[in-house]
Student: 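Shown below is the structure under consideration.
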Amino acid sequence: EVKMDAPHLPEHSAEKRVRIVGSELVENYTVYIIEVNVGDHRWTVKHRYSDFHDLHEKLTVEKKIDKHLLPPKKIIGKNSKSLVEKRQKELEVYLQTLLSRFPASTPKVLSNFLLFHLYEINGIAAALAEELFHKGEQLLAAGEVFLLRPLQLYAVSQQLKLAKPTCTNGDARADLGHILDFTCRLKYLKIPGMKAMVGTSNIEEQSLPFDLSIFKSLLQIEISDCDVGQIKDLPSLKPTLATLSIHLSASSMKEILVPEASEFAQWEPEGVDTDCPVTAIIPTWKMLTTLDMSRNFIRCIDDSVKLIPAVEFLDLSYNELSLVENLQHLYNLVHLDLSFNKLTVLEGVHTKLGNIKTLNLSGNQLETLSGLSKHYSLVNLDLSSNRLTQLDEIKHIGTLPCLEKLSLADNPMCIIPDYRTKVLAQFCDRASEVCLDGTTTTEKELDTVEVLKAIQKAKEAKDRMANNEKKWKPWTASLSNLFLPPSLLSYTTINQEFTNQLFAQISLSNKEESTPKPCKTPSLEGTDQGSPQSGDGYFEMTLDDTNEIMGCSSSSTIQEKVTDDVKKESTIVNVKLVVWSLCISVGEGLSQRPSCLVATDCSLVVFHTRSEEPVSNLEELTENLEIDLIVPYTNIETFQFDIPEVCVSLNVKSNSTRWFFFSDAQSLKEMHSCIVPYVDQANEQVLNSPNTQLFIRQFLNSWDFEESAGSVKGGYLIHFLNLDSSTSDKNVANNPQFPKNSVPSDVLSQISLFESDQDQTSNPMILFLTSRYLCILKVDFVALASRDPAEARRMQSCSKVTHIPLSFTLLDPKQCCSCRAVSNSRLFYDEHVIELMVGHECLTVVFALPQDKFMFLREFTQLRSSLREIKTIALQRTKKGHLKVHSCPAPEVPRPHLTLSLLYPAKSLIQQLMEDNQCPSHLSLSSSLLLISSLKGDQLVHFFHNNVAEMENEELKYILWTSVLFYRSPDVETTACVLLSTKAIYFILDDTASSLTNQSNFLISFCFTLKLKDLQSINVGLFDQYFRVMGPSADHIISCLTRDSYSTHRFLQQLMMVLTLLEKVPSPEPSELDFYSQFGNKSTGKMVNYELVHSSKVKFIYPSEEEIGDLTFIVAERKTPQVPSHSFNILLYVLVFQVHIVPGQTAQNQTVLQPKTLILTSTDVFLLDEDHISYPLPEFAKEPPQRDKYRLTDAWRIRDLDRVLMGYQTYPQALTLVFDDVPGPDLLCHLTMDHFADGDGKGDRTQGFGGAEGEVQWCIFVPGADSRERLISLLARQWETLCSRELPVELTG
């Protein structure tokens, strides 16, 4: 700092010199050119003689200067050369005399005459102080940006360094304190520098240092055209500064954000733990949220950004950046502008930018967009003026879920014909949501996009078929290698004859080969399973009735003595354990076959069967058994679980082949514990994941596993079966023993189970169940075999898990009728095959073991019924469109246990359910709900048990058709069929998307289950117009808007009856709070609502007087005080629909029903918008909802009612109230017309139909018949009271 300030000596000690260097003639007078020098600064001033005269007059008055000091005036010859030269010298002497007369402080008039207020620090400071004395307070109050030049700041900085009073010339208005007071409170500052000299001087502003520490409250500062070296104490603004803008001043970010870095080599931001040696801890810019460093000379984004963690808006446009880096430190960044830099490529930019929403990359040199493919938070993206030529690049951003605005203007791709529609087509279903190049997508463009998408899908399907034809060669061999015939499962360790035969074969082999060595694994009889060409993106295969995926045994050690003829030999070889398994061997290729693992005293033996037909007896089995491998225990390198309880791997010393054995958990554990003691412990690897829980955990995200912990089920070995016409093996395709289905060929690719062409078609997969997901583990055994068994994460790197949500997975309802009539096939199907529906797609799963299928079914049903979320249900319909209901459930699907009385309920109950299954006409129904509403008699009960019921001995008691609101989505009112059973409440929801599916045999609908044991309370609405059920969480809060007191009453009555049947077991521990303290210990000291606590502990909460009071208050505050209080009484509260007419293109207009609450008092009628779901507030609510419970939208006096129209003209059974448009003196007096002018035509003064001038029509539809009659009668009664005549009622057509 000392070096910087050395040339700028304090100017009060600098000599002030003045001389007149010349003159010039301007028009008819002479102007003298005065040169002023103060220290190193020099400038020129031009004045005519009259200016000198005026100056002298003021000085003689103010400072008592001698009158004769100024040369006298001349009238004649004043412009003559001799006179001008003489006067020039005299005036120079005059000015020098004045300066010598006032050495300390120059008088203000002389200072202004010599332009000290523009170029000399004392004059500049005094002028600024005087300006702020007059205007400072107004400027601060206005909160506007204040402009200070670097020269002015330099003058103030220099003045503060001088040891002199703040007011030297005696004028209190010029006191330096005015400046300091102003700068301490200033919030918005702009400092515009300049490259050239200041005015007529030799002063270079860029060489003048200025100090910013005098600013104590700055929120925003903008500096331009300054040199970084002259800006002093910028970090002193850290405590308050929110916006920093620097232009044309910096060559790096560090010299602005961390000027201290020039002094300290190693520095770290405050609050960061580091092990490196640090020479300085730098405080961060805690308040800075906006940093604009556009139009500078920055070449890189350096690590100084660590100091600005709170920045949300960062502008680095018009710089020289070639790389995006270090921005991962800005966790709060939302908007980033990198336009007009030198960026050529973006790699993994989502890892460096966090969750930014707006990204401007225009004016760069980008040719590819691959780096943006995972930037899922982007909403606005500007890519204009780059070098994008290929439309395929848009695919990288076409999957971004939040993108709304995209700019691609001035790219080479813009000249492609139909560029807009081709770009929009890349966004698939989101094309209508994307605004391209500032232009909203038109309907015509969307139609073109749909056509392009259809063409693209057809092309992809054609390519896929072509690829299948190329890759799928006819399978010449049987697929028996993939399955273990069930007949083999009986030949286990306890089968004496079988173990004797095994012993004989092993002994014979030992005699033939003196040294035990692994036998060469023969090829699988021409089956091309090991070649990559046999694998495609899908698993397609065929089965015959002899084939099983895998078999295994429950084994035990030999308990009985062997026969005498082998007693002698048994000392050599003793068969300890036999396990049947499916073996995958990976050597030169990959082969797969059923195997028999035999553990003896000294070696492990692996057999396989040669026969492709099922063996019927022991003799056939013995003839077909062949030894694959005999390996002494000392030669085993590793024998370990690769997948806990599912798969064990064998690695033999000096052999490159690796074997993987699949069997049931018990058999594998016995074999493992039998062999491991003999294996060299140094080579035996410790299993990383001792159980299935920990094994699956490494494939799950932490948030997925939170709810799955402790509940991972299964480890089932499966194949996906996909039979379609593209299978080229005619024998396989036409084999009647295999059930065919209509699974689309690309199902598995859609759930991304197969992605690589190198996948082996015959590879099995492992199926796990967690509390929320179906997890399918796909292992690359070739890659796994090549890894070191000791490697910690080898399984994780060679496998992939696909998660399918359980809520969208259900057992295919059609599977009970989709198999062939062949008995063998039916048996195989029943034991091994399950068809699942994932969304609208079908998956056929073939299980390795028969018991696996039933274990899976039991666990799947149990886990799915315990899900606390919306689940899918499937409805099968016949060709006529009616729901197809089977009289009994499919035998292989484990349905909840049903007694005869539940399967065949009483006729009175069926009759009652049929009467309840009447959907109100105003509810719009999707295809699935339409089918349910058409069910009659027994069909209803069977539909409930087959498709909906989830618990044991559950009986359907009541059906309610209503609109529902969920607490999580309070703005979406949807139709639901509510089924009340003895165990739960089921909400079958409206799903319009289900009608769009191509699966014409099925409709997918959604069902939400609230078990009665989870039910906590019921809030009943005013006048029984609606009710709200509350469960344990926010997902379990649902309002049912019946809009009919009878339906509400019936449902609550049935619910109380059902709850009475429930046996609530009391808690074993005494409750800490008794009944009275629970409900009496309120902060208000009184009951909040009238609560009825049912014997099942469910609370029925009815509206209190306070709630009626709140409503009365809202009505009353819209009136003037002089209205009598009795008119505030609410006579009727009813939920209605306001009918709005939308002019249609057809002859008939379309009507839209808008939900409203109608309130009738003795003098007025009101329409309100009401929040039916948020109030009363649940206990877990942290803050009140966004909107009030009641919001008044319209109101009229009953006396202004002209007539009532009834009939079918606008909407069936609607009432049209016609009011005279004469604003009343006492109603809504303080509301402006704007209150009614927004939204849904509320401001239309002739709503409805046929409204004459000066009339307002309310078209109201009241769903409940009793409420409708009550409204008419009360309205007529009040109208007659007020107007002393009968209410005119007209009938329309």
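Residue numbers start at 1 and run along the sequence shown. Note that this is a predicted model, so its numbers are computed, not measured.
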Student: Specify whether Tyr1026 and His1172 have parallel, tilted or perpendicular ring planes, treating 30° as the upper limit for parallel and 60° as the lower limit for perpendicular.
Tutor: perpendicular
Student: Is the distance between the ring centroids of Phe1008 and Phe966 under 6.0 Å?
Tutor: yes
Student: Counting only N and O atoms by type, is there a donor-acceptor contact under 3.5 Å from the side chain of Arg1268 to the main-chain atoms of Val1262?
Tutor: yes
Student: Examine distances only and state if a side-chain atom of Glu433 and a backbone atom of Glu404 form a donor-acceptor pair shorter than 3.5 Å.
Tutor: no
Student: Ala1181 and Tyr967: which non-hydrogen atoms are nearest, and at how many Å?
Tutor: CB-OH, 4.1 Å
Student: Just say parallel, tilted or perpendicular for the rings of Tyr986 and Phe944, cut-offs at 30° and 60°.
Tutor: perpendicular
Student: Under 3.5 Å, is there a donor on one side chain and an acceptor on the other for Trp961 and Asp916?
Tutor: no
Student: Please name the pair of heavy atoms, one in Thr975 and one in Leu925, separated by the smallest distance, quoted to 0.1 Å.
Tutor: CG2-CD2, 3.6 Å
Student: Ignoring hydrogens and angles, tell me if any N or O in the side chain of Asn1019 forms a donor-acceptor pair with the backbone of Tyr1175 under 3.5 Å.
Tutor: no
Student: So, the side chain of Ser1017 versus the backbone of Met1030: is there a donor-acceptor pair under 3.5 Å, distance only?
Tutor: no
Student: Tell me if a side-chain donor or acceptor on Thr1042 pairs with a main-chain N or O of Gln1025 at a distance below 3.5 Å.
Tutor: yes
Student: Give a yes or no on whether the backbone of Leu806 and the side-chain of Arg864 come within a donor-acceptor separation of less than 3.5 Å.
Tutor: yes
Student: For the residue pair Glu973 / Ser963, report whether a side-chain donor-acceptor contact shorter than 3.5 Å exists.
Tutor: yes
Student: Are any side-chain N or O atoms of Ser926 and backbone N or O atoms of Asp990, one a donor and one an acceptor, separated by less than 3.5 Å?
Tutor: no
